[in-house]
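Have a look at the structure below, then the notes.
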Amino acid sequence: MRIPCPHCGERDVAEFRYGGDASNVRPSHGSGDLKQWHDYKFIFDNPQGPHLEYWQHVYGCRQWFKLNRNTATNEIVGGER
Amino acid sequence: MLKRVSALASAITFTGNGLNIAEAPDFTLTQYAGSEKELKKALGKIPARMSVSLEHDRRTQLRINPTQIWVIGEPVEAEACISTPLSSSRTRIVVEGENARFVLAKLSAIDFHPKQFKADTFVQTAIHHTPALIHCVGENAFHIYAMRTFALSVWEAVTDAALEFSA
Amino acid sequence: MTAFKRIDKPSHINRTKQISFQFDGKMFNGFVGDTLASALLANGKTLLGRSFKYHRPRGIIGAGIEESNALLTTGSDGRTEPNTISTTAELKSGITAKSQNAWPSLNFDLMAVNQLLSPIFGAGFYYKTFMGPLKKSWMMYEPIIRKAAGLGAAVPDVDSARYEMRYMFCDVLIIGSGPAGLAAAVTAARSGARVVLVEQDFEFGGSILSSGSEELERWRKAQIAELEKSPEVRLLKRTTAQGIYDQNLAVLSLTPENHPALKITEQLRARTIIMATGAIERPLVFANNDRPGVMLASALRTYLNRFSVVPKKRAVIVTNNDSAYSTAFDLAENDVAVTVAEHRGTLSGNLLARAAQLGIAIFPNCGIADVIGEKQMRGVRLSGRHAVTIECDVLGMSGGWSPAVHLTSHGGIKPKYNEQIAAFIPGGFAKSHFGAGAINGTFGLLAAIREGDAAARAALPDSKKIKEFDLPAVREDRKYSIQPIWNAAEKSNEKYAFVDFQNDVTVKDIKGAHQEGYFSVEHLKRYTTLGMGTDQGKTSNVNALAMMADLRGLPLSQAGTTTFRPPYSPMTVGAIAARSVGLRFKPKRLSPLHDWHVAHGATFIEAGLWMRAWFYDWAGKTPEEAYIKEMELVRQNVGISDVSSLGKIDVQGSDAAEFLNRIYVNGFAKLPVGRARYGVMLNDDGVVLDDGTTSRITDTKFYMTTTTAQAGEVMSWLEYLLQMHWTDLNVHVTSLTDEWGGMAVSGPNSRRALQLAFPEIDITNEALPYMGVIEFKFEGVEVRVLRLSFSGELAYEVHCSADYTTALWEHILKAAELLGIKPYGLEALASLRIEKGHVAGADLDHRNTLDDLGLGKMAGKDKAYIGKELRFREDCQAPERWSLVGIESMEEGAKLRGGAILFAATDEIKGHGRGYITSVTWSTELNKYIALALYNGGLKHEGEDIICAFPLKNENVKARIVSPHFIDKQGERLHA
Amino acid sequence: MAKGYSIFSLAKHALRPSEPWPEAWEKPVPKSSYDVIIIGGGGHGLATAYYLAKDHGVKNIAVLEKSYIGSGNVGRNTTLIRSNYMIGGNTAFFEKSMQLWEGLSHELNFNCMVSHRGQMTLAVSPGQVDAFARRGNTMRLNGIDAELLDRNEVMKELPYLDFSKEARFPIHGAIHQPRAGTVRHDAVAWGYARAASQLGVHIIENCEVSAILRDGDKVVGVETSRGKILSNKIGIAVAGHTSHVAAMAGLRLPVESHILQAFVTEPVKPIVHHVVSWGAELFYLSQSDKGGMVFGGHIDGFNTYTQRGQFHRIQNVMECATTLLPFMSRMRLLRHWGGIQDMTPDGSPFICKTPIDGLYLNGGWCYQGFKATPASGTTFAYMIANDQEHELTGGFSLDRFEKGKELDEYGIGNWIYKQ
């Protein structure tokens, strides 16, 4: 698979670190709401289709970014910085 | 001054058919970090984008991500932005000669074709599972900036890939 | 009695270059240009191996990669490889080849007795027996059955060969160099695009090489010459496209010439891919169709036209389509008597006329009833109304052609059935993939060339400008007319009618699978092992699927098809691993002091990727012996230890203090400049992520340290938070792990040692108190001294840039030599911290909460920090959680062991216990074994007696729960 | 002719070829309603149906399979079984599974080739020896077989490993579970299917569930490609697609689907007589009865349903194979494939009730679905029959993350950031 790094261009997936689902919204720092953090941390749509997710170009520019990838085909649908 | 010791103190320069590999030590590397404005203020001119290096004021600038620039050369007095000395953190290996691109192609999943990877461009990629910056400094001349602690393993990987060009 | 001979006809072998080779201990000769198979045939060798299950004698079936029988163990220069496909193996001087799966010999194989039991040994018989008499009876039968496993034997030693990997890129990848591939390559090359042409054979040309046509040979050479002159074209012979992975990654296996590597794996990223992979001929299924001498019709033509090898006297051809007549005619033209058994009833006038001209007798409406002969066929009996017996040397069979759709299947596209050619063609092509020639079911030569040209034009932008293509001056393509016949076996002989040769799957097996309900394609394959051999069903799949469809009364288009998996042909494991094996498996991470350690008697140990000095020979020869002396040195005097592997992170920016305050459980906002603080970080889930000491260098600049193991994780985590979530914070983080080296100078004499080393610097307790930090320049080098202690003694960490760490280390050793300072290693370092009760690697296992480690009080009550919410989940706060305690051995001489399970003194020694020992050391201060452990309820049980159970060594050791701080509980030494 | 499988019935059939074997499992037309519906005709679903019929007297059961039975992970795994678990909620469950494996061929009258050849897990540091010792001690204290071997003992048993100075991660010792081993994976699906079918279970292939029908908080049936089928009890056992099927009932789960790749080489004569796994990386290998080396490593490490693996992971597994077992270098890779695996945040599964009445969940098996099959079947059947948890599966609940009761067997913690 090739992952388009928004900064370095398309690179091999081996240069990246996967950061998981990016569609769950991170609760605000110190929100104090256990349930909110639980749902954010543990519950996923896990769709078969477009999936918004985090990647870090860990062997390259070390930048994290969001990527929309189709989990049914591994096609890259789009990126988001 | 204390004695400087290279991570490749034990390495022997490789000379082969259309290929030389050696350490290129004694450089000064400083990282400057900040917003576009801060970086411009501190460095004067900066590269507009990543992947293309900029020669400015007898220094080489490599923009390694949107907010950080490596400067190779004398450090700049930079009040406007954050600076971090990194000269010890990287070990520089020079690979040059008509066969250099074939050697690099065994190390990284990067298109090293002369039309794609030209002089004064660079990539940040992986060599032997470690991060490396490869800078094309001439038609067939390259600087590899390897992590210091991995430098010997990277050196071995580079010279091993060169075996077919042994003299 | 031999069935084949070499004739004088010009071909692709080079008769001026003779090569000798060995087969089963005897020497033979062949020529440059031969395959191992063609050379063996030329020498009259037709019996080459035994089949997997029934040990039936087997010969050569094909002339290419589809071969399922003629597998040999080959070797040269002391290196052997099992299951070499002899029909593709290029004949090389000095090669030795051996037949496989025969005992005691190929000619007389005792295991052939299995054939007699074949009525019992039908498909799936294993599942129905070998169950009794006892519960675990399979353990009794398995070793016997395993003995019969495998074809060749693996060699249990190190592979002397070198393999390489490389990463390449191109605009157009063309797979296959037959007429379609050559045409595509030439058109693509004319556009100036970067082209790669891949051919699995050691010659370009594909089917042209077997054609015997001078005009085509001229055309082939002209195309290759043009390609060789194009600067952006790479021509890769002896290269197999093994698989197509996501986003056009083609994986190629190359066997290079004049290269230090035996094989090269190339990962080729292609903008577009043109598949000109051709087609594979199918066998016909009839009784004893596996006898040596029964071959694919096209293979006979290849052996004739490419290798000048022909059947001695007479060949019979059996076919259901026109393609086999090319073989029949070429053989007849070369003085081989030919008879054709034709399944079809009517034939075109042209064919009949040409056959008559060449004296070929054609028997219509008939097939083969049986093959006569065992280790070499001697004749055939025809079926149908011409039930005659014909003596012959070989039988060439053609059941039609199957396009090589494998690579399209790798991407998940299912093949679809095409009635007209009675075969599966690609169900489509992915975006940027194209097909040309036989893969599309286009079997004509000129049509294939036209498709190749068209595919290249489709693959390229601005293709109109490309120069038109020259076609060879040959007659228009013959029609491919086929009347499918999937099972030509007579009912009584179905158990000898082979569908999958290598795995001995017969028509009877397929019928059995059907009866028992194993209908679906995958059930059929898995139950009968059809298509699971080294050939992966290249010749057998379609026949079997069609038979099953017939049995189910379904059209083949609805019966489903198989999914082809990479690799296309078996791929050497070492060639994929390439150079990252053995010592190079993972890079070694070396401290800037590494060379010094090597020169001064250190023994190293792997710690993740790091190589760390474990112990030094001044203290002993084994770690057990050495660490105690090294500990004593630190407790009584002063030692120096390399801590360069610690993660070090530069945290700078106007919001740096706020940032640290968020990620650590304890407060960092008010840490004064020039002071350090121990901090603990949690994950979002409230589990401990890491700990370390962070110092404030200026108001906006911090120097963070992490554990060696978690340095990379922590760095990525900080970047994640800053780049994705807290983008409003003005903070920059940079790893300094490689930039800075570090050494711990520890022991009651450590201050004296540093005073000797840096007499100009004030490091009195007042100037540099516990958890203080100072910076100064020493001989032009920036030095940072942090007063902190892992050992519990008065101690300092001295950090400086990695280029000068060795010089500084040597300077301190020299300056403090008179004190008796010496280096100590990781084992002593880890033991010293156990005595002090500092948690580290073994105790931190990603399951611990802050409270488990006895650090709950550190957390700020009123401040927010990462992990705070989930840290307070019900069970994370349960009082019976296993938490940190110290343990002292109560039995003299009895060793405590890591991994021992802990029980209260009155407990039955059974179950999961109340905890376990995480790390152990001999305490030089207490003169006994001590340990850190996690224990149910933790220090509530301080003073209680326990049992440390280690059933793996049948040990139960009495011990007591104590505070984990074994020494200097008040911290007097730290603050001295 | 006799339905039972034995050497005698084999001989009888050989002598009388005109009398065919009956279908291994019947292929009935679906009825309009059942007492219990199991969604998923894989190992777990079929085993559940079998134990429901056999142990709980439920007669009217359907297993709905969207493709052919065993088309999912039961036919894609590397066939390993073991019970080397040390966390309270896991040990007894996986040991129960091992005990059921021991008698399975007899129980099902179908030879699943349960081979207790032993598993050797190799430690590459003194610290790892300690960690393995903890595991082994816990096993022994729970009545499970385990042995600790030092380097020399390993060398004797597995002489083909790299014991040279060139080893990047030298072998310090191993933990051995003699009863661990391999099972012919497809046979497990077929054996359970046949045995369940003989007890009257309807196994309905090519029947894809498209909706779970509810009446308020209760399930009432499913919509399928073969029509509507009613039932008040529905069990989900669809490894790899758990999120997708649970979403039909409006549930969101702590599950992400990943691909795990597996590999097989050409067959060769026996050389590896154990299951071998490695502590330097997740890597495991055994030699099948047919002679091929069957092996695997890590998941690829990102959500996907494609069943197509990434090549850099393939490279990594070949590097492991060649580094640990140097003879593997010249072996040839015959085939590689992928299975979709439901990963949970703590690496442990779910066998539990759901917020919806009558809907039961079995999934999230991570790396350990195959070895769990028999225990998963018995305990899930118990739960469905009695509408309450089996004592062995109390820890496998959906709410454990909310409670902080993670069952983190391997200390993978925040696994999502690990690759």
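Convention: sequence-line order gives letters A, B, ...; per-chain numbering from 1. The model shown is predicted, which means the values in this text are computed figures rather than measured ones.
No other option in D/Thr306, D/Leu148, D/Asp289, D/Val129 has as many heavy-atom pairs under 4.5 Å with chain C as D/Asp289. By number of non-hydrogen pairs under 4.5 angstrom with chain D, the leading residue of C/Arg146, C/Lys135, C/Gln536, C/Met139 is C/Arg146. The candidate with the highest count of non-hydrogen atom pairs below 4.5 Å against chain D, out of C/Gly411, C/Gly243, C/Ser716, is C/Gly411. When the candidates D/Val264, D/Asp130, D/Leu141 are compared by the number of heavy-atom contacts under 4.5 Å with chain C, D/Leu141 comes out ahead. Of the listed residues D/Pro159, D/Pro326, D/Ala133, D/Gly291, the one with more heavy-atom pairs under 4.5 angstrom with chain C than any other is D/Ala133. When C/Pro570, C/Gly574, C/Gly517 are compared by the number of non-hydrogen pairs under 4.5 Å with chain D, C/Pro570 comes out ahead. Ranking C/Ile145, C/Val573, C/Thr534 against chain D, the residue ahead of the rest is C/Val573, based on heavy-atom pairs under 4.5 Å. Contacts with chain D were tallied for C/Cys876, C/Pro82, C/Pro623, C/Pro567; C/Pro567 has the most, counting heavy-atom pairs under 4.5 Å. Per-residue heavy-atom pair counts under 4.5 Å with chain C were compared for D/Ser288, D/Ala321, D/Ala92, D/Pro170, and the maximum is reached by D/Pro170. With chain C as partner, the option from D/Ser6, D/Ser115, D/Ala24 having the largest number of non-hydrogen pairs under 4.5 angstrom is D/Ser115. Interface check for chain D: of the options C/Lys910, C/Arg526, C/Glu874, the most heavy-atom pairs under 4.5 Å are formed by C/Arg526. The candidate from D/Leu104, D/Asn109, D/Asp162 with the greatest count of non-hydrogen atom pairs under 4.5 Å with chain C is D/Asn109.
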Candidate pair C/Tyr245 and D/His336, rule ring-ring contact (aromatic ring centres under 6.0 Å, His included), full reasoning
CA-CA 12 Å; C/Tyr245 296 82; D/His336 67 81; 5.7 Å; yes
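If you measure heavy-atom distances from C/Gln100 to chain D, you find no contacts under 4.5 Å at all. Both the backbone and the side chain of C/Phe130 come within contact range of chain D, with heavy atoms under 4.5 Å apart. Using a 4.5 Å cut-off between heavy atoms, C/Val158 touches chain D through backbone and side chain atoms alike. Residue contact with chain C, scored on non-hydrogen atoms closer than 4.5 Å, involves the side chain of D/Arg184 exclusively. Both the backbone and the side chain of C/Phe950 come within contact range of chain D, with heavy atoms under 4.5 Å apart. For D/His176, no part lies near chain C; criterion is any non-hydrogen pair under 4.5 Å. For D/Leu324, no part lies near chain C; criterion is any non-hydrogen pair under 4.5 Å. Residue D/Cys320 touches chain C through both its backbone and its side chain, counting heavy-atom pairs closer than 4.5 Å. In this structure, chain D has a heavy atom under 4.5 Å from the side chain of C/Ser520, while its backbone stays farther away. Residue D/Ile87 touches chain C through both its backbone and its side chain, counting heavy-atom pairs closer than 4.5 Å. At a 4.5 Å heavy-atom cutoff, the contact between C/Met532 and chain D is made by backbone and side-chain atoms alike. Contact of D/Glu107 with chain C is not made at all, since no heavy-atom distance falls under 4.5 Å. When heavy atoms are compared at a cutoff of 4.5 Å, C/Ile605 approaches chain D solely by way of its side chain, counted from C-beta outward. The parts of C/Asn83 that come within reach of chain D are both its backbone and its side chain, each placing non-hydrogen atoms under 4.5 angstrom from that chain. If you measure heavy-atom distances from C/Lys147 to chain D, the contacts under 4.5 Å come from the backbone alone. If you measure heavy-atom distances from C/His514 to chain D, you find no contacts under 4.5 Å at all. Looking at C/Thr84, both its backbone and its side chain come within 4.5 Å of chain D, counting heavy atoms on both sides. Both the backbone and the side chain of C/Leu952 come within less than 4.5 Å of a heavy atom in chain D. Interface remark: C/Phe564 contributes no atoms to any contact with chain D (heavy atom separation under 4.5 Å). Interface remark: D/Glu147 contributes backbone atoms only to the contact with chain C (heavy atom separation under 4.5 Å). With a 4.5 Å cut-off on non-hydrogen atoms, C/Phe52 touches chain D through its side chain but not through its backbone.
Closest heavy-atom contact between C/Gly911 and D/Asn142: O-ND2, 3.2 Å. Nearest heavy-atom pair across D/Met139 and D/Tyr85 is CG-O, 4.2 Å.
A distance of 9.5 Å separates CD of D/Glu402 from CZ of C/Arg873, quoted to the nearest 0.5 Å. To the nearest 0.5 Å, atoms OG1 (D/Thr265) and CE (D/Met318) are separated by 9.5 Å. Within the model, atoms CD of C/Glu142 and NE2 of D/His273 stand 11.0 Å from one another, a figure rounded to the nearest 0.5 Å.
For D/Ser197, the side-chain hydrogen bond (donor to acceptor under 3.5 Å, both in side chains) test picks out no residue, with sequence neighbours left out. By the ring pair (Phe, Tyr, Trp, His ring centres under 6.0 Å) test, D/Phe132 pairs with no residue at all, sequence neighbours left out.
Within a 6.0 Å radius of CD in D/Glu26, other residues, nucleotides and ligands contribute 12 heavy atoms or fewer. Counting heavy atoms of neighbouring residues, nucleotides and ligands inside a 6.0 Å radius, atom CZ of C/Phe872 exceeds 12 of them. Counting non-hydrogen atoms of other residues, nucleotides and ligands closer than 6.0 Å to NZ of D/Lys405 gives a total of 12 or fewer.
Residues D/His106 and D/Tyr5 keep their aromatic ring centres 6.0 Å or farther apart. In this structure, D/Tyr68 has its ring center no closer than 6.0 Å to that of C/Phe519. Between C/Tyr518 and D/Trp190, a ring centre-to-centre spacing shorter than 6.0 Å is recorded.
Relative orientation of the C/His523 and D/Trp25 rings is perpendicular, given thresholds of 30° and 60° on the angle between their planes.
Partner of D/Glu266 under the salt bridge (charged side-chain N to carboxylate O under 4.0 Å, His left out) criterion, chosen from D/Lys290, D/Arg330, D/Arg332: D/Arg332.
The cationic atom of C/Lys136 (NZ for Lys, CZ for Arg) does not lie both less than 6.0 Å from the six-membered ring centre of D/Trp101 and within 45° of the ring axis. Remark: D/Arg134 qualifies as a cation-pi partner of C/Tyr916 under the 6.0 Å distance and 45° angle criteria applied to the six-membered ring.
The closest donor-acceptor contact from the side chain of D/Trp337 to the backbone of D/Arg76 lies under 3.5 Å.
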